[in-house]
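Chain letters run A, B, ... following the sequence lines, proteins first and then strands; every chain starts at 1.
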Protein chains: 2
Amino acid sequence: MTQAPAAVPNDAAPRRRRKEARPQELTAAALSLFVEKGFAATRLDEIAARAGVSKGTLYLYFDSKEALFKAVIAEGVVPAIEEGEAMLERHADDPVTLLREFLYGWWARIGNTELGGIPKLMISEARNFPEVAAYYHETVIHRGLKLIRTVVQRGVEQGVFRPVSTELIGNVFMAPLLHLALWRHSFGSCCARDLDAERFLATWFDLLMHGLGVRDAEPPQ
Amino acid sequence: MTQAPAAVPNDAAPRRRRKEARPQELTAAALSLFVEKGFAATRLDEIAARAGVSKGTLYLYFDSKEALFKAVIAEGVVPAIEEGEAMLERHADDPVTLLREFLYGWWARIGNTELGGIPKLMISEARNFPEVAAYYHETVIHRGLKLIRTVVQRGVEQGVFRPVSTELIGNVFMAPLLHLALWRHSFGSCCARDLDAERFLATWFDLLMHGLGVRDAEPPQ
DNA sequence: TCTAAATTACTGACCAGTCAGTTATTAATC
DNA sequence: GATTAATAACTGACTGGTCAGTAATTTAGA
């Protein structure tokens with residue numbers, strides 16, 4: 001109850017000037033609200049309140065609601081894809097380890113964090129913001145799919161995987177991961193018991209490995 | 001240019017009294033617009049116009065925008081799940097055929113039709129309409145997952161499939177199908193060339209069959 | 001001519017975006 | 001170090017347009 005720089009603001013919090021921190025706090029608040037309620041149904045007053053500022057302040061940092069949306073995507077996406085590429089550097093030689101690391105790593109570092117809401121947001125709004133969708137497509141999707149395809153191709157060449165059509169293998173690989181993230185941010189919070197992420201990932205990894213002809217892949221760490 | 005009961009209405013179309021046909025025309029128009037733009041961003045005037053009536057008429061058949069949303073889901077979903085169950089009756093004995101029929105049948109009869117937009121709509125709006133989400137969950141998702149699980153379990157018991165954890169196999173099975181439908185209704189219409197559904201389904205079916213330990217499954221018809 | 005289907009014109013709540021004014025912080029001067 | 005001037009971050013009441021929902025009126029069809 002001191003003057004801690006509260007992310008969840010105190011009612012009695014004194015007004016503070018924090019130019020550096022504002023944009024990030026605003027995009028974080030906007031991401032969670034956009035994911036929860038959708039772009040159109042989210043009010044700017046609400047975003048500002050969650051970030052602990054007034055709506056006027058929001059307009060000091062972003063020109064419009066749409067500009068805020070673009071910033072949310074751009075900011076959430078750059079670290080995400082860099083994580084992915086860094087992950088690939090670490091185990092350049094072993095396709096099985098690479099796929100396992102990628103699968104569990106994606107969930108741990110993206111899917112199961114705040115960023116996990118971005119797929120839902122992008123799918124919901126892609127047709128309303130084609131320009132942002134195009135940016136997302138070339139910055140994240142295209143790059144990400146290429147990474148996975150490369151790993152699988154390498155595995156096939158090494159004889160670790162059976163010969164398999166690699167053109168769309170990235171899409172198939174990602175589908176269950178995205179499914180899990182989408183579930184978390186839609187039905188997950190409302191009905192039945194939530195999907196068990198651990199079991200789901202294990203089921204998928206097991207099926208995937210056998211599908212690629214690997215008989216003895218161990219589960220993760 | 002005659003007085004045909006136009007789905008895409010003629011500007012000069014005479015006013016007609018068609019009490020029977022209106023609700024279905026309105027829900028069809030609403031589904032396509034909700035999928036395209038989202039619930040909140042879709043205006044009732046627009047839905048009415050696409051159905052060839054005025055907004056006032058819409059209120060003769062639905063109490064509110066939310067009631068229309070519920071009707072869209074309920075109407076789209078009942079035939080869909082019945083299709084699915086009928087499909088299962090036809091090949092009760094052969095798990096491989098069942099899975100193939102289900103996979104390609106789902107795409108042909110649901111994913112690749114207007115109904116294919118419902119997953120996007122439900123994922124986008126589940127948290128805004130928890131009551132509808134719960135209805136959808138128990139009417140479609142729960143029932144559908146159970147069907148797939150049953151097929152796989154039967155296959156394992158018959159020794160056609162290798163022993164595999166069946167608890168979440170339905171979710172994994174559906175994930176790529178839903179991914180394809182979601183793609184069609186988001187990025188598909190904006191960037192790059194569209195995902196090739198035939199190749200995608202073939203890649204998935206091939207990986208799935210090998211994942212289940214079936215070595216000689218033929219591609220469809 | 002009577003009824004009910006359909007339209008048109010209207011209302012009021014809501015909300016993105018604005019701006020005149022307020023307050024925190026820094027800099028200058030004594 | 002204390003006082004004050006200057007600046008820039010921040011606020012919240014306001015506005016103009018939009019849109020869900022309503023009510024008055026018109027018209028199709030029996």
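Taking a cutoff of 4.0 Å between a charged side-chain nitrogen and a carboxylate oxygen, A:E25 and A:R18 qualify as a salt bridge.
Relative ring orientation between B:F173 and B:W204 is described as tilted, the plane-to-plane angle lying within the 30° to 60° band. Ring orientation note: the planes of B:Y104 and B:F205 are nearly perpendicular, at an angle over 60° on the 30°/60° scale. Ring geometry, A:H179 versus A:F200: the interplanar angle falls under 30°, so the pair is classed parallel (tilted spans 30 to 60°). In this pair, B:F187 and A:H137 present their aromatic rings tilted. The plane angle is within the 30 to 60° band.
Defining each end axis of the helix from C:dT1-D:dA30 to C:dC30-D:dG1 as the rotation carrying four pairs' C1' atoms onto the next four, with five pairs an end, the two axes are found to diverge by 0° to 10 degrees.
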Scan nucleotides 20-30 of chain D nucleotide by nucleotide, 5' to 3', and note B when protein non-hydrogen atoms come under 4.0 Å of the base, S if they reach only the sugar-phosphate, - if neither. BBB---BSBS-

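When the nucleotides C:dT8, D:dT11, D:dA9 are ranked by their closest atom to the side chain of A:Y61, D:dA9 comes out on top.
Residue contacts for B:F62: at a heavy-atom cut-off of 4.0 Å it reaches no nucleic acid atom on any strand shown.
Here B:T57 does not reach the OP1 or OP2 of C:dA6: none of its side-chain N or O atoms lies under 4.0 Å away. The phosphate of D:dC10 (OP1 or OP2) has a side-chain N or O of A:R22 nearer than 4.0 angstrom.
No cation-pi contact links B:K70 to B:Y135, judged by a cut-off of 6.0 Å to the six-membered ring centre and 45° from its axis.
Aromatic pair A:W106/A:F102: centroids not less than 6.0 angstrom apart.
Between B:T97 and B:R90, the side chains place no donor N or O within less than 3.5 Å of an acceptor N or O (distance only, hydrogens not considered).
Rounding to whole angstrom units, CD1 of residue B:I47 and P of D:dC19 are separated by 12 Å. The distance from atom CG of B:L58 to atom P of C:dT7 is 11 Å, rounded to the nearest whole Å. If you measure from atom NZ of A:K19 to atom P of C:dA24, you get 19 Å, rounded to the nearest angstrom.
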